[in-house]
Protein chains: 2
Amino acid sequence: MIPYVIVVEDEAALATLLQYNLEKEGYEVAIASDGEEALLMVSERVPDMMVLDWMLPKLSGIEVCRCLRADKSTPNIPIIMLTARSEEDERVRGLDTGADDYITKPFALSELLARIRAVLRRAKPSLIEESLHCGNMVLDRSTHKVLRHGKEVPLGPTEFRLLEHFMSQPGRVFSRTQLIDAIWGTEVDVEIRTVDVHVGRLRRALNAGHQHDAIRTVRSAGYALRAD
Amino acid sequence: MIPYVIVVEDEAALATLLQYNLEKEGYEVAIASDGEEALLMVSERVPDMMVLDWMLPKLSGIEVCRCLRADKSTPNIPIIMLTARSEEDERVRGLDTGADDYITKPFALSELLARIRAVLRRAKPSLIEESLHCGNMVLDRSTHKVLRHGKEVPLGPTEFRLLEHFMSQPGRVFSRTQLIDAIWGTEVDVEIRTVDVHVGRLRRALNAGHQHDAIRTVRSAGYALRAD
DNA sequence: GAGTTTTGTGAAGGTTGTGTGACAGTTTTA
DNA sequence: TAAAACTGTCACACAACCTTCACAAAACTC
């Protein structure tokens, strides 16, 4: 059973971006571009969770949230709110209204994905995939632990997210730019060579114990997980 | 379903060049020579993506971009902007406006094709072909790997792009000049015999293991992939 | 078969891309 | 509040790769 997510977002560019990435992550996704449409879609098929923009045409995110919470027929759908930085101080109101979490734009995709997983884990534990496997490595999201050959590998936060991203699509080559967008976020500007340093650290951690390199460098293209 | 691309470019020479090469790559292409024409064409048939020159008569590329993003009836069309080097510093504005990527003129065709694929992959994954096959060879773009008889063939960046180009039209003969334009770019000047050297290296790599030559030399014309 | 044109290829030198230790600043932990 | 862990950047060294050249080999011409 794959989780069904409704994303309510009027900005088309962001909406498709989310749709694509959530689908890649294994969710079934539907887009609503305003509050009314969102409620309509919920009445057609109750989603496992919703991602809800704060500012929306016709019916604001907060109103949608209230409607859903008030309506007895819709069960307790987990909701994550998207807010712009300027609206940040209103987050309390958002949480009051019944949102399970909020995230301020701009955000890194990995951040949103992590929160969606967290919220889903709380609400529908059976739906969520908790661990990634590849070759002799296991990454467990719930415990934030990585094993290689059954032996625990200590990783810093950035290295963990990096590995998580690699393991979500083993073998695929990611350019440094793509990695920055995925791990750090599109809005942050981070020196391109920083990626090398973190990949280097990830490498050292994974390969401790003289095993063969788990990461492949593809010259003039980027890095990939060795998918053997 | 082959992807439909609208190229908006007022410089006729470049426009035809792009049309020719994109069609060869398997896209359906339409040319618009100014911004107004572009919007008209979009209203007639929504493309899967657009290549948009920054400087255009009547309605600049950036304005076209804004119009498309603002108009609710046009869905989120992926856009790649073409900018001249002098406008490079404005690229931030380009991305702000909602372009998915930009590329500065002059550029190598292979570069543009790669970006088009990247953008399409993000927006319409089903439309894009990730691997090329020919005879006993497979080239996988997502993992940057080449197999012959199921065995991995190690290639440098230039050899990889060269093979990619050959495999995009197996059997077709490319002149050294055409290869330079496609792999290195039209503005770079590279000695013509350099092509020979790289073809030689590609040959050696592919034929390692005494198989029959995968590349055909056509005397006084150029090289081609053996399409058997 | 001698002369001409075109191509293959080894070697040399230059260029670019990558790995990595060090460091100063920041955040987290104890 | 001090110590530890982590982050992002830089500079340097090294390895991979690129381009060119010269000469040898091959293909073609007559």
Side-chain angles (χ1 to χ4, degrees), chain A residues 108 110-111 144-146 152-165 173-208 210 212-224 226, chain B residues 108 110-111 144 146 153-166 173-185 187-208 210 212-224 226:
Chain A
S110 59
E111 172 73 13
H144 249 249
K145 278 186 179 173
V146 173
E152 191 174 341
V153 179
L155 291 179
T158 309
E159 280 75 63
F160 184 86
R161 275 179 299 163
L162 201 51
L163 180 60
E164 189 180 6
H165 192 249
V173 175
F174 299 98
S175 72
R176 290 170 175 72
T177 317
Q178 286 174 327
L179 290 172
I180 289 178
D181 286 354
I183 315 295
W184 283 266
T186 37
E187 310 294 319
V188 194
D189 72 309
V190 167
E191 205 56 45
I192 216 144
R193 299 297 313 286
T194 300
V195 177
D196 298 43
V197 176
H198 282 283
V199 168
R201 285 172 184 156
L202 177 57
R203 257 205 181 109
R204 200 173 329 155
L206 288 174
N207 303 341
H210 35 75
H212 84 294
D213 198 345
I215 293 176
R216 189 162 61 99
T217 301
V218 182
R219 195 166 225 258
S220 81
Y223 299 98
R226 201 157 252 139
Chain B
S110 60
E111 173 74 12
H144 257 251
V146 173
V153 179
L155 292 179
T158 308
E159 281 75 63
F160 184 88
R161 274 179 301 163
L162 202 52
L163 180 60
E164 190 180 6
H165 192 249
F166 280 131
V173 177
F174 298 97
S175 74
R176 291 171 175 73
T177 317
Q178 286 175 325
L179 291 173
I180 288 178
D181 286 353
I183 314 296
W184 282 265
E187 308 295 315
V188 194
D189 71 311
V190 168
E191 204 56 43
I192 226 157
R193 301 298 312 285
T194 301
V195 177
D196 298 43
V197 176
H198 282 285
V199 169
R201 290 208 259 260
L202 178 56
R203 255 204 182 110
R204 202 171 329 153
L206 288 174
N207 304 341
H210 33 75
H212 83 296
D213 197 346
I215 293 176
R216 195 158 54 96
T217 301
V218 182
R219 191 161 225 263
S220 78
Y223 299 97
R226 201 156 253 138

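We name chains A, B, ... by the order of the sequence lines, and we start the count at 1 in each one.
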Exercise for the section: Identify, with sequence neighbours excluded, every residue that meets side chain to side chain donor-acceptor pair (under 3.5 Å) alongside A:Asp196. Expected result: A:Arg176, A:Arg193, A:Tyr223
Exercise for the section: List in chain and number order the residues that pass side chain to side chain donor-acceptor pair (under 3.5 Å) with B:Glu111, two or more places apart in sequence or in another chain; answer none if no residue qualifies. Expected result: B:Arg115
Taking only residues two or more places apart in sequence, or in another chain, which ones meet [X] in a side chain to side chain contact (heavy atoms under 4.5 Å, CB included)?
X: A:Thr194; value: A:Trp184, A:Val190, A:Glu191, A:His198
X: A:Asp213; value: A:Arg203, A:Asn207, A:Ile215, A:Arg226
X: B:Ala221; value: B:Val173, B:Val218
X: A:Glu152; value: A:Lys145, A:Leu147

Completion exercise
Outer limits of DNA chain D sitting under 4.0 Å from a non-hydrogen atom of chain A, read 5' to 3', are D:dC6 to D:dC17
Completion exercise
Between its two end axes (five pairs each) the helix from C:dG1-D:dC30 to C:dA30-D:dT1 turns, nearest 10 degrees, through 40°
Problem - Where protein sits on nucleotides 16-28 of chain C, one letter per nucleotide: B base, S sugar-phosphate only, - none, heavy atoms under 4.0 Å - result: BBBBBS-------
Handout entry: A:Leu163 side chain near A:Val153 side chain, heavy-atom distance below 4.5 Å
Key = no
Handout entry: All salt bridge (Lys or Arg N to Asp or Glu O under 4.0 Å) counterparts of B:Glu159, not counting sequence neighbours
Key = none
Exercise for the section: Taking ring-ring contact (aromatic ring centres under 6.0 Å, His included) as the test, write out the residues that go with B:Phe166, two or more places apart. Expected result: B:Phe174
Handout entry: Side chain B:Ser110, main chain B:Ala182, donor-acceptor under 3.5 Å
Key = yes
